[in-house]
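Here the structure is laid out as structure tokens; the discussion comes afterwards.
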Amino acid sequence: MEKVNTRTKELASTLLEIGALLMSSGASTGRIRVTISRIAEALGYTSELLVTHRALMLTLVEEESQNFFSSLKRTSPHGVNFKVVSGISRMSWRVVEEEWDLPQINAEIERLRSLPHYPRLVILLLVSLAGASFCRLFGGEAIEMGVAFTATFAGLYVRQESAKHAFNGYMCVFFGSLTASLISGASVKWGLGTDPELAFATSVLFLIPGVPLINSFTDLIDGNIMNGLVRGANGMIISFAIALGMLGAMLIYNI
Amino acid sequence: MTEWYHFPEMGVWLGFAALGFAILFNVPQRALPFIWLLGALGGITKLLVLHFGGNIILASLAGATLVGFLSIPAAHSKHAPPLVFSIPAVIPMVPGAFAYRMMLGLIKLAGNTGTESYSDVLNSAVSNGLKTLFILLSLAAGVAIPMLITRKESAKEIKIVKSK
């Protein structure tokens, strides 16, 4: 019996790597499937893919010999990173148009993986500004906006720190929500500004699971019902963690 | 009576709200100005529909549809997939407030049996939950509409100006 090419095995592991990166960076199921089959096709293979939230399975069929190779990979913990999603999408087109080979693809993945995030202070300041903007959108004045800014800043900081200490992801959200609502809750307790409730309601909005929830419905519309439900459940648990943090602060302040 | 400058001002804040999430999601730097603009325009559309008496679900659908359509030329000019622009831009419209009211309602229901406020709490929890569900659905549908009606697998294949 003839053996499967080593190239096939290497390509399979590269493709699974790409799929796992996309899944953990916040791409929808349809996008993962399209990207992987586009690259596989450009390199002369037929591919079949099973995508789930925590693992991917890929079968590559060599076009000439019809030999096939299957492989399975777990995805890493999720953290939204659109630089990776955008980079991989660009790469997949260059594989097709510039006829890239496997080493080039691997080098590009390595490059994308090492791309830096924004500086931490920039993230903290701009997300806090977003929190203040939300407060303004709901009708807050300068004082409420200031409270929302401070609460978001502290909440995000605590969330980042607890993620660094490798707490369970939902626990990180809970800590962030509790911190933010303890700070904004203090303004409700002492009646700071005209409508401190606004600051309280908007200070946790930076935690809302927007990407899991939107991806959930994107998957459902696409017909990837299973993944859609899984992502939706994930979003629900995150919302629950947020509500629990706010409830904790409300119990502590008795408001 | 709403002053005329109310909507542009809200647009500025909507833009910053979208920008904050874009930074959180580590969007490529070249995409940031477009996200600010898309967030502002989509949000203003939603506010205008609400202002003229549309309900929140319809308003969100209108805003998200505009963002979905604008994300295609943005994707072409900045060489990034449309979702990189559209997801941060619609996040300010995600019904965070409704979702958390539903959650608080559910938590209250769990600890509250047999009192007369039970049905009030149940009503508001269910209503907030349904609003959350339908707004999310309309956001995802709105963003997906350009792809759905052109029936393409990639935004790169959508031609904005018909060649020849």
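In what follows, chains carry the letters A, B, and so on, assigned in the order in which the sequence lines appear, proteins first and then strands, with residues in each chain numbered from 1.
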Which atoms of [X] come close to chain A, meaning under 4.5 Å heavy atom to heavy atom: side chain ones, backbone ones, both, or neither?
X	value
B:Q29	both
B:L19	side chain
B:L133	both
B:A18	neither
B:L106	neither
B:V90	side chain

Of all the residues in residues 203-212 of chain A, which have a heavy atom that comes within less than 4.5 Å of a heavy atom in chain B? A:L205, A:F206, A:I208, A:G210, A:V211
Counting only heavy atoms not in [X], do more than 12 fall under 6.0 Å of its [atom1]?
X	atom1	answer
A:E161	CD	yes
A:Y118	OH	yes
A:F240	CZ	no
A:E99	CD	no
B:L122	CG	yes

Based on non-hydrogen pairs under 4.5 Å, which of A:A201, A:G30, A:S133 is most in contact with chain B? A:S133
Which of A:R31, A:M250, A:K83 touches chain B most, by non-hydrogen pairs under 4.5 Å: A:K83
Give, as side chain, backbone, both or neither, the part of [X] having an atom under 4.5 angstrom from any heavy atom of chain B.
X	answer
A:L220	neither
A:R136	both
A:M246	side chain
A:S239	both

From the list B:V143, B:L137, B:I91, the residue making the most non-hydrogen contacts under 4.5 Å with chain A is B:L137
Most heavy-atom pairs under 4.5 Å with chain A, out of B:V84, B:L47, B:I23, belong to B:I23
From [X] [atom1] over to [Y] [atom2], what is the distance, rounded to the nearest 0.5 angstrom?
X	Y	atom1	atom2	result
A:I221	B:L148	CD1	CG	6.5 Å
B:M147	A:T218	CE	OG1	11.5 Å
A:S28	B:L83	OG	CG	7.0 Å
A:N215	B:I87	CG	CD1	5.0 Å
A:L137	B:W13	CG	CH2	9.0 Å

Compare all side-chain heavy atoms of A:S86 with those of B:R30 and state whether any distance is below 4.5 angstrom. yes
Close side-chain approach of B:L24 to A:V80, heavy-atom, < 4.5 Å: no
Using every non-hydrogen atom in the two residues, find where A:F217 and B:A140 come nearest and quote the distance to one decimal. CB-CB, 3.4 Å
Would B:V94 and A:I214 count as a side chain to side chain contact (heavy atoms under 4.5 Å, CB included) here? Give the steps. CA-CA 9 Å; B:V94 167; A:I214 292 181; 4.3 Å; yes
Derivation of the side chain to side chain contact (heavy atoms under 4.5 Å, CB included) call for A:F82 and B:N26: CA-CA 6 Å; A:F82 280 171; B:N26 203 24; 5.9 Å; no
